[in-house]
Amino acid sequence: MRVSRSATLSLRAVALVYLSLLLLVPLGVIFAKTFEHGFGTAWGWVTTPAAVSAFWLSVTIAAIAVPLNTIFGVGAALVLVRGKTPGRALLDGLIDLPFVVSPVVVGLSLVLVYGAGGWFGSWFLHQGIRIIYAPAGMIIATVFVSLPFVVREVAPVLSEVGEEQEQAAATLGASRWQTFWRITLPSIRWGVAYGVVLTTARALGEIGAVAVVSSNVAGSTLTLPLLVQQRVTTSFGSQAVTSSYAAGTELAVMSLVVLVAMTLLAPRKGDAA
Amino acid sequence: MSIEVESITKHFGEFSALDDVSLTVAEGSLTALLGPSGSGKSTLLRIIAGLEAPDTGTVLLDGKDVTDARPQDRGIGFVFQHYAPFAHMSVFENVAFGLRIRKRPRDEVRTRVEELLALVGLTKWSGQRPHQLSGGQRQRMALARALAVDPTLLLLDEPFGALDANVRGELRRWLRRLHDEQGVTTVLVTHDQEEAMEISDTIAVMNEGKIEQVGSPREVYDAPATPFVMGFIGPVSRVEGHLVRPHDVSVSLGPEPGAVEAMLKRVIYLGFEVRLELELPGGDTAQALLTRGQTEQLELSAGDIVYVKWDSAHAPSPPAVHAPPDGGEHARPRTATA
């Protein structure tokens with residue numbers, strides 16, 4: 001189909017305006033509001049003990065959830081694409097569960113299972129392990145909601161790359177493990193990388209499921225998004241604005257850092273072939 | 001390495017890819033598995049390599065049962081139809097792969113890979129990625145990669161299928177020379193009868209999951225065991241119920257004993273040879289292949305009435321012969337096949 005130059009330009013303009021209104025303008029406003037009273041004030045709000053604690057809790061949760069979901073995701077994608085076991089359709093459906101179930105419901109179900117009166121909760125409490133209203137539950141909630149990203153990014157790449165290179169490696173004497181590390185993983189690396197970016201972004205930004213299983217105590221069980229929420233709802237006036245926007249900006253910057261890091265590591269086009 | 005395949009059966013769902021196939025390949029030979037697509041030739045090759053598992057039957061390599069052995073334990077080199085280059089590695093690393101897996105010392109790897117790259121004419125390309133190579137170069141890289149681990153058996157799946165005609169012919173002769181120099185037992189799969197005739201010592205003709213005939217190129221051409229083999233190995237015409245090769249049809253201008261009247265529909269000049277398209281009384285069409293000189297001598301042109309005779313000595317006597325004649329010097333079927 002041939003599209004005239006003016007049509008192309010106007011389509012682009014529409015897309016840009018659309019994205020600007022939905023994404024760039026609100027983000028821009030956050031940045032602007034954050035630094036309304038100067039950089040020092042904003043810096044002060046992101047370095048309060050509560051903010052520092054929230055930052056580290058968010059980082060810790062992501063640092064645990066992302067590797068877990070990466071390992072699980074690559075494994076599940078291998079089972080789905082390369083496997084021959086009959087249960088694949090079921091696994092395929094289950095993996096999308098976190099996408100279709102509301103995060104709040106995820107949080108509630110975790111309370112039912114791991115909470116004080118829940119199925120496993122009492123046993124864990126007996127062992128002195130607190131899951132709900134503690135970081136452990138927040139990690140479980142985050143793992144759950146960010147589970148599908150790596151699988152969904154890696155599976156199509158795996159099936160596009162095909163099985164022949166792996167078979168060639170086998171005929172050349174490579175064991176399954178050697179084939180995985182030397183052939184399979186390098187050929188799906190960009191799918192994995194993109195899945196990791198999405199998982200990280202979701203792990204850092206998740207609020208619904210995490211809020212339900214958190215005790216919402218500043219300094220111990222508040223993540224950055226929860227801190228933003230708390231500052232918005234419990235403080236007043238310009239303080240509320242600056243403090244919550246400062247934490248919001250911090251969160252946005254963290255996500256941007258992840259994105260930029262991946263873009264820098266990303267493939268030059270010719271490499272991907 | 002010698003191969004013995006015994007009573008192999010393989011189904012893919014409802015589809016029967018191989019139906020009780022047996023074949024022996026002698027050490028040092030170059031055997032072609034020849035057949036149309038869907039005849040089971042690639043499946044048989046992949047079963048020999050261990051890339052597919054047969055439903056029933058056994059595979060013996062050098063007399064040892066390897067039916068359940070993994071591909072990496074069979075001492076084979078395999079060249080895939082689309083070469084399966086390792087896309088993220090340089091040409092050098094592709095060829096070095098098997099040696100690195102075997103943890104050979106660095107210097108040895110370098111020497112061996114350089115030697116192989118020289119052998120396949122890719123020395124200049126050693127640092128390139130596979131996608132920067134042409135089809136023929138990729139094919140030679142795949143061969144070098146398979147040869148690097150000193151396989152005792154080289155298996156090639158449609159090795160020249162994806163190349164254009166010139167490159168194909170050149171690589172074919174090159175592979176034959178390589179085989180003669182290195183003496184590695186080689187089995188290749190092809191659907192191109194000319195390729196099979198040119199390159200191999202022995203041809204196993206396959207059709208619908210069975211081996212129709214095993215023999216030297218000359219045997220399968222001159223003494224086809226079944227009508228299928230006759231039709232697949234070269235052009236044929238059906239004349240009054242007989243299968244005849246066009247070059248076994250003779251043409252004259254006057255009636256002769258045993259000759260049939262025919263109408264000459266077209267005269268096609270193919271260079272040295274001339275193909276005549278004939279219409280026979282029953283409405284059958286037939287082809288005759290004459291030399292240019294013969295055609296000019298007879299002053300033939302389209303629309304002429306001519307008299308044709310044929311020599312059906314080479315045709316399989318219908319109905320099809322089920323037990324093929326004793327096979328070629330390198331291979332023979334182990335059971336009667338049809």
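Here the structure is a predicted model, which means the values were calculated and not measured. To find a chain, count down the sequence lines: A is the first, B the second, and so on, and within it residues start at 1. Side chains are part of it too, since the values below use all heavy atoms of this structure and drop only hydrogens, waters and symmetry mates.
Under the 4.0 Å criterion applied to side-chain N and carboxylate O atoms, Asp73(B) and Arg70(B) are assigned as salt-bridge partners. Salt-bridge formation is not detected for the pair Lys10(B)/Asp19(B): no Lys NZ or Arg NE/NH1/NH2 atom is positioned less than 4.0 Å from an Asp or Glu carboxylate oxygen. Between Arg152(A) and Asp92(A) there is a salt bridge, since at least one side-chain N of the basic residue sits less than 4.0 Å from a carboxylate O of the acidic one.
Within the 4.5 angstrom heavy-atom criterion, only backbone atoms of Pro85(B) (N, CA, C, O) approach chain A. Heavy-atom distances place no part of Ala148(B) under 4.5 Å from chain A, backbone and side chain included. Residue Gln178(A) touches chain B through its side chain alone, counting heavy-atom pairs closer than 4.5 Å. Only the side chain of Phe97(B) has a heavy atom closer than 4.5 Å to any heavy atom of chain A.
Note: Phe78(B) and Phe80(B) have tilted aromatic rings, judged against thresholds of 30 and 60 degrees for the angle between ring planes.
Per-residue counts of heavy-atom pairs under 4.5 Å with chain A were compared for Met89(B), His82(B), Gln132(B), Arg46(B); the largest is that of Arg46(B). Chain A forms the most heavy-atom pairs under 4.5 Å with one residue out of Arg145(B), Arg100(B), Arg74(B), Gln81(B), and that residue is Arg145(B).
Heavy-atom neighbours of Glu114(B) CD from other residues, nucleotides or ligands within 6.0 Å: above the threshold of 12.
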